[in-house]
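First listed ligand is number 1; within each ligand, the first listed atom is number 1. Keep in mind it's a predicted model, so treat the numbers as computed, not measured.
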Amino acid sequence: MELPFAESFRIKMVEPIRRSTRQEREAWIKDANYNLFNLKSDYVFIDLLTDSGTGAMSDKQWSEMMIGDESYAGARSYYKLKNAIKDILGFEYFLPTHQGRAAENVLFSALVKEGDVVPGNSHFDTTKGHIEFRKAKAIDCTINEAFETQTHHPFKGNVDIKKLENVLIEYGDKVPFIIMTVTNNNAGGQPVSLENLKQVRVLADKYGKMVIFDSARFAENAYFIKLREESCKELSIKEIVTEMYKNADAMTMSSKKDAIVNMGGFIGMKDEALFKTASTFNIMFEGFITYGGMSGRDMNALAQGLDEGTEFTTLETRIKQVEYLGEKLKEYGVPIQEPIGGHAIFVDAKKFLPNIPKEEYVAQTLAVELYIEGGVRGVEIGTLLADRDPETRLDRFPKLELLRLAIPRRTYTNNHMDYIAASLGNVYSRRNEIKHGMKILSEAPIMRHFTVELDRL
Ligand SMILES: *Cc1c(COP(=O)(O)O)cnc(C)c1O
């Protein structure tokens, strides 16, 4: 008999979580103005809001915490992290930041100005926020297949080379760089192929542009390349990562994802002049260049996390758990984005709740229903997140309305996955009774989804 798959870790520390009643949850979510970001975490049984900073560190990472060097300048921890970034990602220069968006803030301060245009594959919300805040424009050039949830394509994160070239031709000097998000978060945690990254490099060289990788889930991307790209089958994850980053001039990183730490980020750069310009902004916004928003102990844990996060067994354990949940959901008939991505399951809310018009925040409605059903907290990736058009101030309706169930790394067991699937299965079986969505009571002018207040219609 072939033995089943089993996790490549065991557990030596646990944190109790509490189940609540439906009645409690109905009151709590109303008090939170139907915004799941407003809930106390104690009111959540299984928290799938994000896989960002919510993973469990390893015994080795915790050991590293004990030997951090907290010197203001030139700490050993800084050099440990510098070496890990050089070895694994190939960047000669780096700046630590407190998280991914801080890396964007620092790097874009050096590179993006008013009127610029930044093409890429479905910019992440903070990335887009930092571009639009500087009165520049983000243009999404992702392949069309990414927006059809039931179409199979091995690399739905890919950029459409033709669309990208058209932007480069049309906007010329207004394009400071191309940004490639690996994996493509907003398109459903979908990977970008190595071939696509190489094609982007060729195009960038043709037009004299820099390529920046938004790298939060670069290791999961490498895992999919290993599984799905014939020429990379025999390569290790670290070898694939090396191949990927040969095509980048710089990277921004949210270390809270694939580097499995609770807080941290960095910028990697190959060009010394860019490093120097960015250093000034780093000192202004984050901290001196050898700590920039991170403690020495955190830089140590991050260096260790980069190593563990790029091990095949770590990635296999994680991604198989995401798949496990996806397969369970399919058994209940729940429509999800396929193929299943790296860090999360994306439920197709428009297919799930066809009775709700797009003006009534379909995916948010589904997120609220799931919370009430089982105390499971997911997140809307839909119209709330897409925000208003900066010029017309009208809602932007994205092609997809998704409920994202992000799975924290090394945190929950497959029994939790069964519970989540059953909760959503229950909502699915009463979907025809859900006829009304939500309306906005108040919202912030930018990145409104974090603080928006809603009411049921
Ligand atoms: C999380 C994330 C960011 C922002 O990082 P934070 O650490 O949350 O500030 C940027 N890009 C992508 C693709 C991400 O997933």
Side-chain angles (χ1 to χ4, degrees), residues 37 47-55 89 94-109 112 118 120-133 138 140 142 146 156-159 177-192 197 211-222 224 244-245 248 250-268 282 285-286 292-294 298-299 301-302 305-306 309 318 322 341-344 346 378-381 385-386 402 404-409 446-447 449-450:
F37 285 100
D47 205 347
L48 309 182
L49 185 69
T50 177
D51 62 323
S52 179
T54 52
L89 296 149
F94 104 98
L95 288 167
T97 63
H98 77 274
Q99 62 184 97
R101 69 200 67 185
E104 292 164 355
N105 188 30
V106 169
L107 189 62
F108 294 1
S109 293
V112 180
V118 181
N121 57 338
S122 302
H123 310 62
F124 184 66
D125 53 342
T126 62
T127 316
K128 195 178 200 151
H130 274 296
I131 291 169
E132 291 179 350
F133 180 72
D140 185 3
T142 309
K156 281 187 171 179
N158 281 358
V159 88
F177 55 83
I178 299 162
I179 191 150
M180 292 299 290
T181 310
V182 288
T183 55
N184 186 332
N185 190 344
N186 285 17
Q190 298 291 322
V192 180
L197 294 175
V211 180
I212 295 175
F213 286 4
D214 179 358
S215 304
R217 299 182 186 82
F218 73 97
E220 290 173 9
N221 199 96
F224 285 118
M244 286 166 63
Y245 280 87
M251 69 179 282
T252 53
M253 176 73 184
S254 169
S255 309
K256 303 166 71 173
K257 321 300 183 17
D258 276 0
I260 329 181
V261 291
N262 302 116
M263 190 53 74
F266 60 88
I267 308 164
N282 212 67
F285 300 145
E286 292 294 298
M294 292 184 75
D298 290 336
M299 288 193 280
L302 170 52
L306 279 174
R318 160 168 188 58
V322 177
H343 67 290
F346 291 74
V379 73
E380 187 245 30
I381 307 273
L385 181 69
L402 301 168
R404 186 184 78 175
L405 306 173
I407 312 299
R409 293 163 185 77
I446 196 163
M447 291 195 232
H449 56 289
F450 289 119

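- Side-chain contact of T183 with N221: a donor-acceptor pair under 3.5 Å is absent, judged by distance alone.
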| field | Criterion side-chain contact (heavy atoms from CB on, under 4.5 Å) on E104 and D214, from CA distance to verdict | value | CA-CA 9 Å; E104 292 164 355; D214 179 358; 4.0 Å; yes

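- Taking a cutoff of 4.0 Å between a charged side-chain nitrogen and a carboxylate oxygen, K257 and D51 do not qualify as a salt bridge.
- Listed as neighbours of ligand 1 are Q99, G100, R101, E104, F124, T126, T181, N185, D214, A216, R217, S254, K256, K257, each bearing a heavy atom under 4.0 Å from the ligand.
- Here R404 contributes atom CZ and I381 contributes atom CD1; the two are 4.5 Å apart, rounded to the nearest 0.5 Å.
- For the atom pair M294 CE and T97 OG1, the distance stands at 8.0 Å (nearest 0.5 Å).
- Ring orientation note: the planes of H130 and F108 are nearly perpendicular, at an angle over 60° on the 30°/60° scale.
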